[in-house]
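To keep things clear, I will list the structure first and then write my remarks on it.
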Amino acid sequence: MIGRRNFIAALLAGSVVPHLSWADAGSPAILGAAREESGGYALFGIAEDGGDCFRIPLPARGHAAAAHPTAPEAVAFARSPGRFAVVLNCVTGEVLARLVAPEGRHFYGHGTFIADGDILCTSENDFETGQGRIGLWSRSQGWRRVGENPTHGVGPHEIKHLPGDILIAANGGYRNHPDRPGVKLDVPEMRPNLAYVSPDGELLEKVELNEELRLNSIRHIALGRDGLVAFGMQWQGDPALGMPLMGLHRRGEATVLDRMPVYEAMAMRGYVGSIAFDAERRQIAISSPRGGRVQVFDETGRHLRAIEREDVCGIAPADRGFFLSDGLGGLMRAGEALHPLAKHRGRAWDHHLVPVMA
């Protein structure tokens, strides 16, 4: 492994072009965006113990990031309905590229890599028609946009991929428009779905909820073993109804909804901010910053436990449990109990923690 100082020195000298890995960026376990005490924003690489591996400034508030599967590169996305994304070298801090959504589009703040890391897929909104799109950007062609595919729904928030580069889009069901930030359009007509899409844009399978759950916006996705997909939802009706907020699906099978006690569902205030899968223990966790709650389930949707933490939202798989972050600078590991890792004063973590899989 070439060290950071040696790499930078060699790069400046022009003598080598080393092949870098995530180890050269300090071997972060997760990535997270945050607002700092100065009022600025940055993307952080975070170690297993909650310490910083690196810090790279961002031009504005970030939402989530996409970590490249092998190279120490991350794409940090603007918060929806933003139009920028920046590709970062996490060893040097260099901005490798700035991606701008095409005219009439905005990013939803999430993306994923396919084709062995060469193609970045971005969730986007055609805000005049309301139809969701998947933007395709080629790393080997200098991050040039090389195409797009439909998501087969409206309001695609998060996208993930299964083996075979099958994409899964969480189509939330309502539109947004950059001219009206924070406003949810067409809620009375919303039709959320979970869409499985081939690499060339063909709809392979579409999952819709029953009519009484039509106002449950499908927003976030986590992947388990054997093709199991967990999705988190945000209820657009009365939160006091205590509606299900997590679903499980495997292609060709029926959807399973969570069996959370109604008092815990009510405490979530109709909102899931993030979702993660602990594949080793076969558990799923969802978070709600509005409710100050994390709910943990098994793979059948059975409720296992609730964790209380003010303004908790970021969540990612950890060794036998989950990483959690809050808007107060806290980082924690949650297994059977909650274990504080670090308190970064003056830092407000945004909604998502992204695992680095390399």
Side-chain angles (χ1 to χ4, degrees), residues 63-64 77 79-82 101 104-110 122-135 148-160 167-197 201 203-222 229-249 254-258 260 265-266 268-275 286-291 313 351-352:
H63 186 61
F77 294 96
R79 185 174 177 84
S80 175
R105 307 287 172 79
H106 70 75
F107 294 126
Y108 271 106
H110 290 269
T122 55
S123 55
E124 302 174 6
N125 176 32
D126 181 335
F127 51 78
E128 294 305 327
T129 69
Q131 293 303 302
R133 311 298 291 179
I134 299 172
E148 62 179 47
N149 289 325
T151 68
H152 302 279
V154 173
H157 192 69
E158 187 162 21
I159 54 176
K160 298 278 191 181
L167 292 163
I168 313 168
N171 289 306
Y174 59 78
R175 293 191 300 125
N176 299 98
H177 197 292
D179 292 343
R180 303 179 67 185
V183 178
K184 302 170 184 176
L185 304 174
D186 303 331
V187 168
E189 293 80 38
M190 61 186 285
R191 294 282 178 181
N193 71 61
L194 190 72
Y196 294 80
V197 182
L203 178 64
L204 302 175
E205 187 171 351
K206 181 163 67 174
V207 179
E208 294 181 311
L209 303 178
N210 295 334
E211 177 66 23
E212 62 267 24
L213 296 175
R214 186 174 55 79
L215 296 182
N216 234 347
S217 179
I218 300 174
R219 307 289 288 173
H220 297 110
I221 307 170
V229 177
F231 56 93
M233 297 174 281
Q234 296 174 5
W235 176 247
Q236 303 306 308
D238 183 356
L241 293 175
M243 304 301 284
L245 295 174
M246 191 276 294
L248 297 163
H249 184 261
T255 301
V256 175
L257 298 178
D258 73 67
M260 186 169 21
M266 292 172 65
M268 296 286 282
R269 298 179 62 184
Y271 189 91
V272 170
S274 192
I275 187 170
I286 58 175
S287 63
S288 173
R290 296 181 182 180
C313 194
H351 281 193
H352 295 283

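- Residues L215 and V187 share a closest heavy-atom pair of CD2-O, 3.7 Å.
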Test log, rule side chain to side chain contact (heavy atoms under 4.5 Å, CB included), inputs M233 and M243: CA-CA 10 Å; M233 297 174 281; M243 304 301 284; over 6 Å; no
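- Looking only at side-chain heavy atoms (C-beta outward), C313 and H351 come within less than 4.5 Å of each other.
- Taking the charged nitrogens against the carboxylate oxygens, E128 and R105 have no contact shorter than 4.0 Å, which rules out a salt bridge.
- Contact of the Y196 side chain with the V207 side chain is registered, since non-hydrogen atoms from C-beta on lie closer than 4.5 Å.
- Between the side chains of H63 and H352, at least one donor N or O lies within less than 3.5 Å of an accepting N or O.
- N171 places a side-chain N or O within 3.5 Å of a backbone atom of T151 that can act as its donor or acceptor partner.
- E124 contributes no side-chain N or O that, together with a main-chain N or O of F107, makes up a donor-acceptor pair within less than 3.5 Å.
- To the nearest 0.5 Å, atom CG of residue D186 and atom OH of residue Y174 are 11.5 Å apart.
- The main-chain N or O of H110 is never found under 3.5 Å from a side-chain atom of E158 such that the two would form a donor-acceptor pair.
- One finds the CD1 atom of I168 at 9.5 Å from the NZ atom of K160 (value rounded to the nearest 0.5 Å).
- D126 and R133 are not joined by a salt bridge, as no carboxylate oxygen comes within less than 4.0 angstrom of a charged side-chain nitrogen.
- Nearest approach of E208 to P192, heavy atoms of both residues: CG-O, 3.9 Å.
- In this structure, the side chains of L213 and L257 come closer than 4.5 Å at one or more pairs of heavy atoms.
- Nearest heavy-atom pair, P156 versus Y108, reported as atom, atom and distance to 0.1 Å: O-CD1, 2.8 Å.
- Residues A230 and L248 approach most closely at CB-CD2, 3.7 Å, considering heavy atoms.
- Of the possible donor and acceptor atoms, one in the side chain of R214 sits under 3.5 Å from a partner among the backbone N and O of M190.
- M266 contributes atom CE, which lies 8.5 Å from atom CG of L241 (distance to the nearest 0.5 angstrom).
- A donor-acceptor pair under 3.5 Å links the side-chain atoms of S288 to the main chain of Y271, judged by distance alone.
- Using a 4.5 Å heavy-atom threshold, the side chains of E205 and H249 count as touching.
- N216 places a side-chain N or O within 3.5 Å of a backbone atom of P244 that can act as its donor or acceptor partner.
- No more than 12 heavy-atom neighbours from other residues, nucleotides or ligands sit within 6.0 angstrom of CZ on R269.
- Shortest non-hydrogen contact noted between S123 and G109 is OG-N, 4.5 Å.
- A donor-acceptor contact shorter than 3.5 Å is absent between the side chain of H152 and the backbone of G132.
- Judged by distance alone, the side chain of R175 and the main-chain N or O of F127 form a donor-acceptor pair under 3.5 Å.
- To the nearest 0.5 Å, the span separating CG on L203 from CG on N193 amounts to 8.0 Å.
- Atom-to-atom distance recorded for L167:CG and I134:CD1 is 5.0 Å, nearest 0.5 angstrom.
- For the residue pair S217 and G172, the shortest heavy atom distance occurs at OG-O, 2.8 Å.
- D238 contributes a side-chain N or O that, together with a main-chain N or O of A240, makes up a donor-acceptor pair within less than 3.5 Å.
- In this structure a side-chain-to-backbone donor-acceptor pair under 3.5 Å is present from D258 to M246.
- Expressed to the nearest 0.5 Å, how far CG of L194 lies from CD1 of I221 amounts to 5.5 Å.
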